[in-house]
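Structure, as structure tokens:
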Amino acid sequence: MTARPAALTLSAARALLGVAADAGERELRTAYREAAKRAHPDRPTGDAALFRDVLAAYRLLQEHPYQPATFPPAVTTPPPMADRVYLDIDIATAVAGGAEDLAIDGRHLRLKLPAGLREGDKVRVEGVMFEVRLRPQEGALVRGDDLWLTGKVDPRVLAEGGRVDADTPLGRRPAWISTKAAARGLVRLPNQGLPARANHKAGDLFLRLEAAEAGAESPARSLLKRFAAAWAA
């Protein structure tokens, strides 16, 4: 049975239905119907817990429709430098670590970040305390220690199960899935979420599977072709 999160956030609800943050009512309704059909407990491959989560996600997104971001007017004087500032990193850096270049109070800092950073973790560099925040990313989100990804796979695998190589926003993810998990469109991979760090345990990876379009290129292959075209120009 699929593990149920303790709390459902807007980002988690969008990931569960497979919609973007700016999805309209029509797109949201279509995604809900597809997810509910897959998870309905009356189906042989259904999952009652997942069905309830799908319904809760749909209701939450209906109650909080997308609103374009508004930006405050520009200020003419910079705010005073605080002892603690926020450090926004992408989810790939949270998973694998990396480096960030920052300009703080006239100084250039290069931060070497460890793998496994979570939202709210603290990083101190040259007397400045940074609090980690994760940038939103379509098709990927972090919930506690767990990583949720949406991956495109061969449509035949969704019908038969077996080994998949899912194209996700964080690269290809191999996995073996049962026919039930394939029909449900969601598989849990233990200890493949955020890596263990400090007091944090290793999280799980929840991989939401979607059928790739016929003839569609993987994100990695598409990026390689764009690089080759730019190099030849």
Side-chain angles (χ1 to χ4, degrees), residues 1-21 35 47 49-50 53-54 56-57 60 84-102 109-125 128-153 163-178 181 184-210 218-220 223:
M1 180 176 291
T2 303
R4 299 185 64 194
L8 189 65
T9 64
L10 290 175
S11 296
R14 297 188 192 103
L16 197 57
L17 298 185
V19 296
D47 186 312
L50 179 61
D53 284 343
V54 167
L60 181 64
R84 186 182 69 181
V85 294
Y86 289 105
L87 174 64
D88 294 324
I89 65 174
D90 55 35
I91 294 178
T93 301
V95 173
E100 292 282 338
D101 292 307
L102 298 176
L109 302 179
R110 183 169 181 82
L111 280 65
K112 293 184 178 179
L113 303 176
L117 285 173
R118 271 70 165 175
E119 184 92 16
D121 279 358
K122 307 297 191 301
V123 179
R124 182 182 292 276
V125 178
V128 179
M129 180 69 78
F130 295 91
E131 182 171 329
V132 174
R133 295 191 301 192
L134 301 182
R135 301 188 190 103
Q137 183 175 355
E138 184 176 356
L141 63 90
V142 172
R143 300 168 70 179
D145 301 316
D146 298 332
L147 177 64
W148 288 64
L149 296 177
T150 299
K152 302 288 186 179
V153 300
R163 187 183 188 279
V164 300
D165 287 302
D167 286 313
T168 78
L170 301 187
R172 295 179 71 84
R173 292 278 175 157
W176 283 93
I177 62 173
S178 65
R184 189 172 58 210
L186 184 67
V187 60
R188 177 186 178 186
L189 304 177
N191 300 319
Q192 294 192 34
L194 290 182
R197 177 181 176 272
N199 296 326
H200 300 295
K201 65 179 182 179
D204 297 336
L205 169 61
F206 290 86
L207 187 60
R208 185 180 185 277
L209 305 175
E210 293 183 352
S218 70
L223 181 62

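Along the sequence shown, residues carry numbers from 1. Hydrogens, waters and symmetry mates play no part in the numbers below; they use all other heavy atoms, side chains included.
- Using a 4.5 Å cut-off on side-chain heavy atoms (C-beta onward), Arg163 and Pro174 make contact.
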Checking Leu87 against Leu113 for the side chain to side chain contact (heavy atoms under 4.5 Å, CB included) test, could you report, in this order, the C-alpha distance in whole Å, the side-chain angles of both residues, the deciding distance, and whether it holds?
CA-CA 11 Å; Leu87 174 64; Leu113 303 176; 4.0 Å; yes
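- Across all their heavy atoms, Arg143 and Trp148 have their closest contact at NH1-CZ2, 3.2 Å.
- Between Arg173 and Gln192, the shortest heavy-atom distance links the atoms NH1-O, 3.8 Å.
- Proximity of a side-chain donor or acceptor of Lys201 to a complementary backbone N or O of Asn199 within less than 3.5 Å is not detected.
- Pairing each heavy atom of Leu50 with each of Leu186, the nearest pair is CD1-CD2, 3.9 Å.
- For the atom pair Asp146 CG and Leu194 CG, the distance stands at 8.0 Å (nearest 0.5 Å).
- Under a 3.5 Å cut-off, the side chain of Asp167 and the backbone N or O of Gly151 do not form any donor-acceptor pair.
- Closest of all the heavy-atom pairs between Val95 and Ala115 is O-CB, 3.4 Å.
- Among all heavy-atom pairs drawn from Arg135 and Ile91, the shortest one is O-CG1, 4.0 Å.
- Rounding to the nearest 0.5 Å gives a distance of 11.5 Å between OG of Ser11 and CD of Gln137.
- Between the side chain of Arg197 and the backbone N or O of Leu117, no donor-acceptor pair lies under 3.5 Å.
- Note: Phe206 CZ to Leu147 CG = 10.0 Å, rounded to the nearest 0.5 Å.
- Heavy atoms only, all atoms of each residue included: Leu141 and Ala15 are closest at CD2-CB, 2.9 Å.
- Interatomic distance, OG1 of Thr168 versus NZ of Lys152, reported as 12.0 Å (0.5 Å rounding).
- Although no hydrogens or angles enter the test, the distance criterion places no donor-acceptor pair under 3.5 Å between the side chain of Asp204 and the main chain of Gly193.
- Remark: the backbone N or O of Gly116 is paired with a side-chain donor or acceptor of Arg118 at under 3.5 angstrom.
- Taking CG of Asp121 as the start and CD of Glu131 as the end, the distance is 9.0 Å to the nearest 0.5 Å.
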Residue pair Leu134, Asp90: steps toward the side chain to side chain contact (heavy atoms under 4.5 Å, CB included) verdict
CA-CA 6 Å; Leu134 301 182; Asp90 55 35; over 6 Å; no
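- Between the CG atom of Asp145 and the CG atom of Asn191 there is a distance of 10.5 Å, given to the nearest 0.5 Å.
- For Glu119, the CD atom sits in a packed shell: over 12 heavy atoms of surrounding residues, nucleotides or ligands are nearer than 6.0 Å.
- Partners of Glu100 according to the salt bridge (Lys or Arg N to Asp or Glu O under 4.0 Å) rule, which considers only residues two or more places apart in sequence or in another chain, do not exist here.
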